[in-house]
Q: 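If you scroll down you'll find the structure; I have some questions about it.
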Amino acid sequence: MADLLNVDVTGRVAVLTLNRPDRLNAIGTATVDRLDAVLDTLHADRGVRALVVAGAGRGFSAGADLDEIESLRTAYEFRAFVGRLTEVFGRLEKFAKPSVAAVHGFALGGGLELALACDLRVAERGAKLGLPEMKLGVLPGAGGTQRLPRLVPPGIAKQLILSGEPIDAERAHAVGLVNELAEPGEVLTVATALAARLAAGAPLALAAGKALVDRSGGDLDAGIAAERETVAVMFTAEDRAEGLRAFRERRPAEFRGA
Ligand SMILES: CCCCCCCCCCCCC/C=C/C(=O)SCCNC(=O)CCNC(=O)[C@H](O)C(C)(C)COP(=O)(O)OP(=O)(O)OC[C@H]1O[C@@H](n2cnc3c(N)ncnc32)[C@H](O)[C@@H]1OP(=O)(O)O
């Protein structure tokens, strides 16, 4: 069976490509199991500093695998299915290395929820992003109702979830769902270049920065305290000294994650 998720490492960036183009990269248990295993490998690979998640064929992903869902017989089985998607998407979101989703064609349902679990999103002009679960009589079940309103105004999130209708990449960019737009055929180039810029950062600072921003919806004083204590400890990091040295020597810093 062709690999459900191809991995290609170029420099400090690992490009993960959903590889079920015949099923429009529908995401089922086997795909998220593969993603989980790939994250184990990439976690251990100190040379990889950032990830890109992309899709082969006509689009990024048409969502959760409706064939697998139709094979489920009980609510408990369905809960396990949704729970596994949510578990692995959550692992990607909390992964120490930043991730960029490269969306072309469409990112729908669980496909958009996968892109929402990435730190940043690049989308090709004309791509469709949406949560059509309402049209199937259900709701997004892999984090969409919680992650989308953290990125876009709640009214926009409600419109996507309650109407089930997609928006195009240009609108998604205007409301903050997409970080950068790419011309048709260019999304992988733009997403990989963005990931490479992130990969130049200090690994400890990248991981801590992700975690601090992800908790920013909580209590302000507690968040500022967490930021202060994190930055204080980072003072002892070798990368902090390297950053200043590189500035003085007018050269790019070479951060080692120490
Ligand atoms: C049994 C259903 C119960 C409903 C429960 C579902 C919700 C579960 C909620 C919790 C699950 C976790 C959260 C995520 C949920 C989801 O993602 S649900 C799925 C959401 N996605 C969609 O609704 C999009 C479905 N696809 C489309 O709308 C269209 O395919 C398209 C993307 C607009 C492209 O259209 P077109 O160009 O006309 O191509 P098609 O002919 O439709 O598709 C080509 C083949 O690909 C198959 N396919 C498409 N999407 C999926 C999919 N999500 N899963 C499996 N297979 C898919 C499609 O059947 C075609 O196959 P063939 O007919 O064999 O050629």
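Counting starts at 1 for both ligands and their atoms, following the listed order. For the numbers below, each heavy atom of this structure counts, side chains included, while hydrogens, waters and symmetry mates do not.
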Q: Hey, are K94 and D214 close enough for a salt bridge, meaning a charged N less than 4.0 Å from a carboxylate O?
A: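 Between D214 and K94 there is no salt bridge, as every charged N stays at least 4.0 Å from the carboxylate O atoms.
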Q: Under a 4.0 Å threshold between the charged nitrogen and the carboxylate oxygen, would E254 count as salt-bridged to R12?
A: yes
Q: Under a 4.0 Å heavy-atom cut-off, what residues line ligand 1?
A: D22, R23, L24, A26, R58, A62, G63, A64, D65, L66, D67, I69, E70, F78, V82, L108, G109, G110, E113, P132, E133, L136, V138, L139, G141, A142
Q: Using side chain to side chain contact (heavy atoms under 4.5 Å, CB included) as the criterion, point out the one residue from V13, L92, V15 that pairs with L51.
A: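 It is L92, the one option of V13, L92, V15 that forms the side chain to side chain contact (heavy atoms under 4.5 Å, CB included) with L51.
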Q: When hydrophobic residues are tied together by side-chain contacts of less than 4.5 Å, even through go-betweens, does V178 share a cluster with L160?
A: yes
Q: Between L108 and L162, is there shared hydrophobic-cluster membership here, with clusters defined by ILVMFWY side-chain heavy atoms closer than 4.5 Å?
A: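 In one cluster: no.
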Q: Find out if a path of hydrophobic residues (ILVMFWY) with successive side-chain heavy-atom gaps under 4.5 Å connects I161 to L151.
A: yes
